[in-house]
Colleague: 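Structure incoming, see below.
Indexing begins at 1, ligand by ligand and atom by atom, following the structure's order. For the numbers below, each heavy atom of this structure counts, side chains included, while hydrogens, waters and symmetry mates do not. Nothing here was measured: the structure is a model prediction, and the numbers come from that model.
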Amino acid sequence: MTEKKKILVVVGTRPEAIKMAPVILALREQEWAEVTVLATAQHRQMLDQVMSAFGIDTDIDLNLMRPNQSLTELTARILQGMDEVFREREFDAVLVQGDTTTVMAVALAAFYRRIPVGHIEAGLRTGDIHNPFPEEMNRVVAGRLSRWHFAPTQSARQNLIREGYPDTAVHVTGNTVIDALMTVASRELDIGVALPHDRRLVLVTSHRRENFGQPLREICQAVRDLVEKYPDIHVLFPVHPNPNVVSTVDEILSGHPSITLTSPLDYLPFVAAMKRAYLVLSDSGGVQEEAPALAKPVLVLRRETERPEAVEEGVVRLVGADRDAIVAQASALLDDAGAYAAMARGVSPYGDGKASQRIVSILKEGLSVQVAMPA
Ligand code: UD1
Ligand code: UDP
């Protein structure tokens, strides 16, 4: 056997951990790979719960999260922390996932050390660097710094080809979020929160920076309008711990008998909540990918999306963060069984559950792993 290839896999936030978990598990089965898992811990509690749900231990933990951290101080801490790691240890490749500050800063730190980067979930674009903020710029920068681009869909691949990336560097793999979902969704899962059984459940999440302030207020007011209008619904809203989210949501929605506000749910309970939900209102990227696969209509609380496939399929609808528009679009689905059925079709444009296997194969080839021949 030739020497193993040293792969550093990095996670920072909840969605990165969920989407990287199947890749880590697949890589750990490879004889040719020596896998090191590094957590920047841009998120602390939300990252830890995912890693433990998938039974993954972290080898290096930078423990960087601070309350209400700013983008710049977080970026600086990640760059410095990563450079110390790279000074002490050698790697043949670094894998990053998505569009967070962790992804952008880790890719830059690896680039400075001339270590090739593989970018998972590459090529998502809205074309507007301010929406989503700062994710659109993070993924553009991460792309420039990467050698391998693992695009989840053909349209993500096309975005990269249009930007001039060579055909041979861009691989359509599907999104690993579906790999993760498929390992858990068929299990009996418990939401772990007491909810009325006789009501239609509306699941709500919101955390995008561009929605902070007035847009999030409108989202919350729309949620209140909906529970007043429909006595047969109940809202479950796991509140993102970003203080900018908590303060607004608590102020407008706490204390209503038809609204349950909780801390973020762990991944398995959250999948249980999506399965139980009648309708999902969310500005999350991952939820836009998962809920359609579970046949749950999603109203996206944003004006644009880098995930056009499910919108084109008609199973996700963009409604923005306007109070009246949210109420109108949700009412259309709550009132009209036909309109609802047209969106609740169980279409999964983001993957078939085999994305991680494809990523591992491409990486193996890209690192020119020599397969030992029998004597
Ligand atoms: C980050 C990502 C965003 C991603 C989201 C997923 C950036 C700039 N933003 O946004 O792209 O969609 O994660 O959830 O990379 N906090 C906790 N505990 C946690 C996590 C967060 O208390 O486990 C609080 C802390 O006060 C922290 C704040 O939330 O400072 C913000 O965390 P941060 O990662 O900077 O931004 P998010 O809004 O979570
Ligand atoms: N999620 C979770 N608990 C919650 C809300 C979301 O486990 O209370 C999961 C969800 O299943 C999805 C991921 O978190 O896989 C999405 O993360 P988030 O919305 O924080 O970030 P984004 O995808 O928008 O970057």
Side-chain angles (χ1 to χ4, degrees), residues 11-22 39-51 53-54 63-75 77-78 96-106 121 124 132-139 141-142 175-181 184-185 189 191-193 203-212 216 236-247 260-275 277 280 282-291 293-294 296 298 300-302 305-307 350:
V11 292
T13 64
R14 168 173 67 191
E16 289 162 75
I18 292 168
K19 292 171 170 180
M20 210 49 126
T40 62
Q42 172 178 338
H43 283 175
R44 184 71 275 170
Q45 302 83 353
M46 294 207 296
L47 183 77
D48 293 346
Q49 59 87 6
V50 178
M51 300 307 267
F54 285 94
N63 195 25
L64 293 181
M65 193 189 88
R66 300 289 179 274
N68 209 8
Q69 57 207 358
S70 81
L71 297 175
T72 304
E73 65 188 13
L74 177 65
T75 304
R77 281 201 303 272
I78 297 171
V96 293
Q97 193 290 330
D99 51 21
T100 64
T101 294
T102 286
V103 174
M104 184 273 295
V106 170
E121 199 181 78
L124 273 60
F133 178 88
E135 292 83 2
E136 177 81 356
M137 184 53 90
N138 284 343
R139 57 198 174 212
V141 173
N175 198 312
T176 56
V177 77
I178 303 296
D179 302 21
L181 187 64
V184 303
L189 301 170
I191 305 177
V193 178
L203 179 63
V204 182
T205 81
S206 180
H207 72 277
R208 298 249 79 86
R209 273 178 165 65
E210 61 275 16
N211 277 342
F212 290 174
L216 182 55
L236 173 62
F237 192 158
V239 184
H240 191 290
N242 192 316
N244 301 285
V245 178
V246 176
S247 55
T260 301
L261 302 180
T262 66
S263 305
L265 296 183
D266 288 357
Y267 178 59
L268 297 184
F270 189 75
V271 173
M274 282 192 287
K275 287 171 71 176
V280 180
S282 180
D283 62 13
S284 159
V287 174
Q288 276 178 72
E289 296 157 341
E290 295 162 333
L294 298 170
K296 306 301 176 172
V298 185
V300 176
L301 307 169
R302 298 168 53 187
T305 182
E306 57 288 302
R307 294 166 169 89
Y350 299 108

Colleague: Tell me the contacting part of Met46 for ligand 2: side chain, backbone, both, or neither, using a 4.0 Å heavy-atom threshold, strictly below.
Modeller: neither

Colleague: Only heavy atoms of Pro264, strictly under 4.0 Å: list the atoms of ligand 2 that pass.
Modeller: 8 (O)

Colleague: Determine whether the side chain, the backbone, both or neither of Ser284 has a heavy atom under 4.0 Å from any heavy atom of ligand 2.
Modeller: both

Colleague: Should Glu73 and Arg66 count as an ion pair when the cut-off is N to O under 4.0 Å?
Modeller: no

Colleague: With heavy-atom distances below 4.5 Å as the criterion, would you say the side chains of Val11 and Val50 are in contact?
Modeller: no

Colleague: Would you mind checking which non-hydrogen protein atom is closest to atom 8 (O) of ligand 2, with the distance to 0.1 Å?
Modeller: Leu265 N, 2.9 Å

Colleague: Might you list the protein residues in contact with ligand 1, defined as having a heavy atom under 4.0 Å from one of its atoms, sorted by chain and number?
Modeller: Thr13, Pro15, Gln42, His43, Arg44, Gln45, Met46, Met65, Arg66, Pro67, Asn68, Gln69, Leu71, Thr100, Thr101, Pro134, Glu135, His207, Arg208, Arg209, His240, Pro241, Asn242, Pro243

Colleague: Taking the side chain as every heavy atom from C-beta outward, state whether Gln69 and Leu64 have any pair of such atoms under 4.5 Å apart.
Modeller: no

Colleague: What protein heavy atom is closest to atom 11 (O) of ligand 2, reported as residue, atom name and distance in Å?
Modeller: Glu290 OE1, 2.8 Å

Colleague: What residue and heavy atom of the protein are closest to atom 25 (O) of ligand 2, and at what distance?
Modeller: Pro15 CG, 3.5 Å

Colleague: Please report which non-hydrogen protein atom sits nearest to atom 22 (P) of ligand 2, along with the residue it belongs to and the distance in Å to one decimal place.
Modeller: Gly285 N, 3.6 Å

Colleague: Just heavy atoms, cut-off under 4.0 Å: does Arg208 contact ligand 2 by side chain, backbone, both, or neither?
Modeller: side chain

Colleague: Who pairs with Thr13 by side chain to side chain donor-acceptor pair (under 3.5 Å), at least two apart in sequence or on another chain?
Modeller: Glu16

Colleague: Are any side-chain N or O atoms of Tyr267 and backbone N or O atoms of Val184, one a donor and one an acceptor, separated by less than 3.5 Å?
Modeller: no

Colleague: Mark up the atoms of ligand 2 that fall under 4.0 Å of a heavy atom belonging to Pro238, in ascending order.
Modeller: 8 (O)

Colleague: Which residue and non-hydrogen atom of the protein lie closest to atom 13 (C) of ligand 2, and at what distance in Å?
Modeller: Ile18 CD1, 3.7 Å

Colleague: Looking at Asp266 and Leu268, would you say the former's side chain and the latter's main chain have a donor-acceptor pair under 3.5 Å?
Modeller: no

Colleague: Compare all side-chain heavy atoms of His207 with those of Asp283 and state whether any distance is below 4.5 angstrom.
Modeller: yes

Colleague: What part of Glu135 sits under 4.0 Å from ligand 2 if we count only heavy atoms: the side chain, the backbone, both or neither?
Modeller: neither

Colleague: In terms of residue, atom name and distance, what is the protein heavy atom nearest to atom 23 (O) of ligand 2?
Modeller: Gly286 N, 2.7 Å

Colleague: Return the closest protein heavy atom for atom 20 (O) of ligand 2 as residue, atom name and distance.
Modeller: Arg14 NH2, 2.7 Å

Colleague: With a 4.5 Å limit on heavy-atom distance, are the side chains of Leu301 and Thr205 in contact?
Modeller: no

Colleague: Keeping Lys19 on the side-chain end and Gly98 on the backbone end, is there a donor-acceptor pair under 3.5 Å?
Modeller: no

Colleague: Please walk me through it: do Arg139 and Glu121 pass salt bridge (charged side-chain N to carboxylate O under 4.0 Å, His left out)?
Modeller: CA-CA 9 Å; Arg139 57 198 174 212; Glu121 199 181 78; over 6 Å; no

Colleague: Where on Phe270 is there a heavy atom closer than 4.0 Å to ligand 2, on the side chain, on the backbone, on both, or on neither?
Modeller: side chain

Colleague: Nearest protein heavy-atom contact for atom 7 (O) of ligand 2: which residue, which atom, what distance?
Modeller: Tyr267 CA, 3.4 Å

Colleague: Can you tell me if Gln49 uses its side chain to pair, donor with acceptor, with the backbone of Gln45 under 3.5 Å?
Modeller: no

Colleague: Any chance you could measure His240, atom NE2, to Leu216, atom CG, to the nearest 0.5 Å?
Modeller: 11.5 Å

Colleague: Using 0.5 Å steps for rounding, measure from the CE atom of Met20 to the OG1 atom of Thr176.
Modeller: 7.5 Å

